[in-house]
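Supplied in C-alpha cells, the structure appears directly below.
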Amino acid sequence: MVMNPSKAQDVWKDAGEHVQFTVLELNRKDQAKEQEAIQEFVDRYQAIIRSLRIRDNGGNLKTSLGFSSDAWDYLFPNAPKPKELEPYQTLSGEKYTMPATKGDLFLHIRANDEAVVYELLRQCRLFLKDFTTVVDETKGFRYFEGRAIIGFIDGTEAPQVEDAAHYAIIGDEDPFFENGSYAFAQKWRHHMDIWNQLTTEDQEKAVGRKKFSDLELEDHEKFANAHNVASQATINGVEQKIVRMNVPYSDPVAGNTGTYFIGYSRYWKVTKTMLENMLKKNDYLLSFSDILSGQLFFIPSRPLLDKIADGELN
C-alpha cells in the first residue's frame, strides 16, 4: 500500500468559510445496539456527503469523522487499534494546564455555505440522537484574510498545501490504518480585553510575527515565550509540522470569543510534543486564554469507514 490522499478524509487542506465542530458521547446503554447504530450511521454519513456535494456543487463541503480511544475500544473491541491512539490525559506545566475532556465521536464540517453545514448536521442527527449525547457544538468562521481572532494570519507555520498530506496522513508505518490521521481538538477562550490592551509592537513580540505583513521577527525581537517559538516541536533534530485548521468562534455580545484549535497529524507524538512545549515555555497566548476542552481522535480513511459500515471491525 502507498499513502493516497484521495482515500483520506478531509484532513489536509482548506479550513473553510463556515465551520462546525461537534463532539458527542456514546450513551453506553447497549453495546451491541450502539455498534449496529454506528455501522448504519457511518454508511449513511458517507451517502449524505455524496448527496450534498451534488446538491450544492459550489459548496466546497469538507468533512471528517473521528473516534476517541475509548470509543474505539467500545465500538471495535476485536479490531486492531491505531498505534498512537490513546486516551488524551490532561497536560500540565508550572503555570498552565491543558485539560482533557469527554468525547467519543468528533465531526469537523466546513463549507462555503452555512446551509450545507446545517443540512449535513441535521441529517446526521437523525441517526445519532438516539444513542449519543452532545458534549460540545462550536460554530467557527473565517475571519478577515484568514486571520486568527487576535488579528494575526493563522496557519503560517503549517506546511505548504502541496506538502500537507505527508504531515497529516498516516503512511505504511501503520498499514491497517494508512490514510487515516490523528486529530487533536482543543477549544480556547480568549480574554480579548487583555489582548487588546497590548500595543501592536508587544502583540507582534508575543506571536513572533508582524501583524500586517506576517513577516517573522528576528529571534532577538520576540518575547522568549512567543507563540511561534513555544509551539515548535523538534524530534531527532528535525522540526516537525502538523496541519492546522484553526478558526475563530464568538458570541461577541456575551464576550465569549476564542479559537477552536484543530490539528491533524500523521503522528500524535508530534502534536503532543508541541503542546508540552507550549506549557514548558509558558506560551504567551496562554497568558490571556482559558483552555476549555481537549481530546484526541482517530480519523479513519474512507476505505476503513467502508469496513466499519460493513461491520468488519467488530
Side-chain angles (χ1 to χ4, degrees), residues 1-14 23 26 35 38-39 41-43 45-46 62-89 91 100 103-108 158-186 233-245 261-277 294-314:
M1 296 176 65
V2 178
M3 181 193 294
N4 184 348
S6 70
K7 293 184 178 181
Q9 295 192 62
D10 297 311
V11 300
W12 59 283
K13 63 180 178 180
D14 198 346
V23 178
L26 294 164
Q35 288 171 326
I38 280 291
Q39 290 171 28
F41 168 67
V42 169
D43 185 39
Y45 166 75
Q46 297 184 94
K62 297 284 191 297
T63 72
S64 62
L65 166 67
F67 302 87
S68 70
S69 177
D70 288 347
W72 193 271
D73 292 341
Y74 181 75
L75 295 169
F76 318 118
N78 301 314
K81 189 172 181 178
K83 286 182 179 179
E84 294 191 45
L85 182 60
E86 63 181 12
Y88 172 65
Q89 304 291 333
L91 298 176
D104 289 317
L105 307 180
F106 176 68
L107 283 162
H108 176 197
Q160 288 273 111
V161 67
E162 296 86 356
D163 304 322
H166 172 80
Y167 293 99
I169 298 173
I170 295 168
D172 59 7
E173 68 276 0
D174 199 357
F176 190 82
F177 299 101
E178 194 162 28
N179 299 313
S181 183
Y182 295 99
F184 183 71
Q186 192 177 58
T234 300
I235 298 176
N236 297 326
V238 179
E239 184 178 347
Q240 305 295 310
K241 293 182 181 293
I242 63 172
V243 174
R244 297 174 175 86
M245 298 189 194
F261 170 86
I262 173 68
Y264 291 104
S265 182
R266 179 173 181 170
Y267 303 102
W268 160 233
K269 65 182 178 184
V270 170
T271 308
K272 188 176 183 180
T273 299
M274 291 178 174
L275 300 173
E276 291 170 338
N277 286 347
Q295 187 55 270
L296 172 66
F297 301 95
F298 172 68
I299 312 296
S301 67
R302 292 188 302 104
L304 189 53
L305 286 179
D306 290 337
K307 290 181 182 292
I308 292 172
D310 290 341
E312 296 182 25
L313 264 65
N314 287 355

With rounding to the nearest 0.5 angstrom, report the CZ to CE distance, R244 to M274. 5.0 Å
Which pair of heavy atoms, one from M3 and one from R266, lies closest together, and at what distance? CE-NH1, 3.4 Å
Apply side chain to side chain contact (heavy atoms under 4.5 Å, CB included) to the pair I38 and Y74, showing each step before the final yes or no. CA-CA 11 Å; I38 280 291; Y74 181 75; over 6 Å; no
Would you find a donor on one side and an acceptor on the other, under 3.5 Å apart, between the side chain of Q35 and the backbone of L75? yes
Step through it carefully: locate the ring centre of W268, locate the ring centre of F184, and say whether they are under 6.0 Å apart. yes
side-chain hydrogen bond (donor to acceptor under 3.5 Å, both in side chains) partners for Y182, two or more places apart: none
Where the side chain of S181 meets the backbone of A168, is there a donor-acceptor pair that is under 3.5 Å apart? yes
With T273, which residues qualify under side-chain hydrogen bond (donor to acceptor under 3.5 Å, both in side chains), at least two apart? none
Those residues at least two apart in sequence (or on a different chain) that pass salt bridge (charged side-chain N to carboxylate O under 4.0 Å, His left out) with K7 are none
List for me each residue that meets salt bridge (charged side-chain N to carboxylate O under 4.0 Å, His left out) alongside E86, sequence neighbours excluded, and say none if there are none. K272
My understanding is that only residues two or more places apart in sequence, or in another chain, count here; which of them pass side-chain hydrogen bond (donor to acceptor under 3.5 Å, both in side chains) with T234? none
Could you measure the distance from the CD1 atom of I242 to the OH atom of Y264? Nearest 0.5 Å is fine. 11.5 Å
Minimal heavy-atom distance between I308 and Q39, with the atoms involved, is O-CG, 3.2 Å
As an exercise, state the distance from CD of Q295 to OG of S69, rounded to the nearest 0.5 Å. 8.5 Å
Nearest 0.5 Å, what's the NZ-CH2 distance between K62 and W12? 9.0 Å
Pairs flagged by salt bridge (Lys or Arg N to Asp or Glu O under 4.0 Å) wherever residues 295-310 is involved - sequence neighbours left out: K307-E312
F177: what forms a ring pair (Phe, Tyr, Trp, His ring centres under 6.0 Å) with it, not counting sequence neighbours? W72, F298
Partner set under side-chain contact (heavy atoms from CB on, under 4.5 Å) for D70, not counting sequence neighbours: R28, S68, P87, D104
Once rounded to the nearest 0.5 Å, what's the spacing between atom CG of D174 and atom CG of L85? 10.0 Å
Heavy-atom distance under 4.5 Å between the side chains of H108 and V11, does that happen here? no
Side-chain heavy-atom pair T271, L296 within 4.5 angstrom cut-off: no
Indicate yes or no for a side-chain donor-acceptor contact from Q240 to the backbone of V270 under 3.5 Å, with no hydrogens or angles considered. no
Identify, with sequence neighbours excluded, every residue that meets side-chain hydrogen bond (donor to acceptor under 3.5 Å, both in side chains) alongside Y267. none
Could I get the full list of side-chain contact (heavy atoms from CB on, under 4.5 Å) partners for T63, not counting sequence neighbours? D10, Y45, I49, L61, I109, L120
Contact check, side chains of I170 and K83, non-hydrogen atoms, under 4.5 Å: no
For a quick test of reading the model, state the closest non-hydrogen atom pair linking L26 to A71 and the distance between them. CD1-CB, 4.2 Å
For the residue pair L65 and I299, what are the closest heavy atoms and their distance? O-CG2, 3.6 Å
Ignoring hydrogens, what is the shortest heavy-atom contact between F67 and V42? Give both atom names and the distance. CZ-CG2, 4.4 Å
Donor-acceptor pair, side chain of Q9 and main chain of G180, under 3.5 angstrom: no
Which heavy atom of A233 sits nearest to which heavy atom of N277, and what is that distance? CA-ND2, 3.9 Å
Distance, nearest 0.5 Å, that separates CD of E178 from CD1 of I169: 10.0 Å
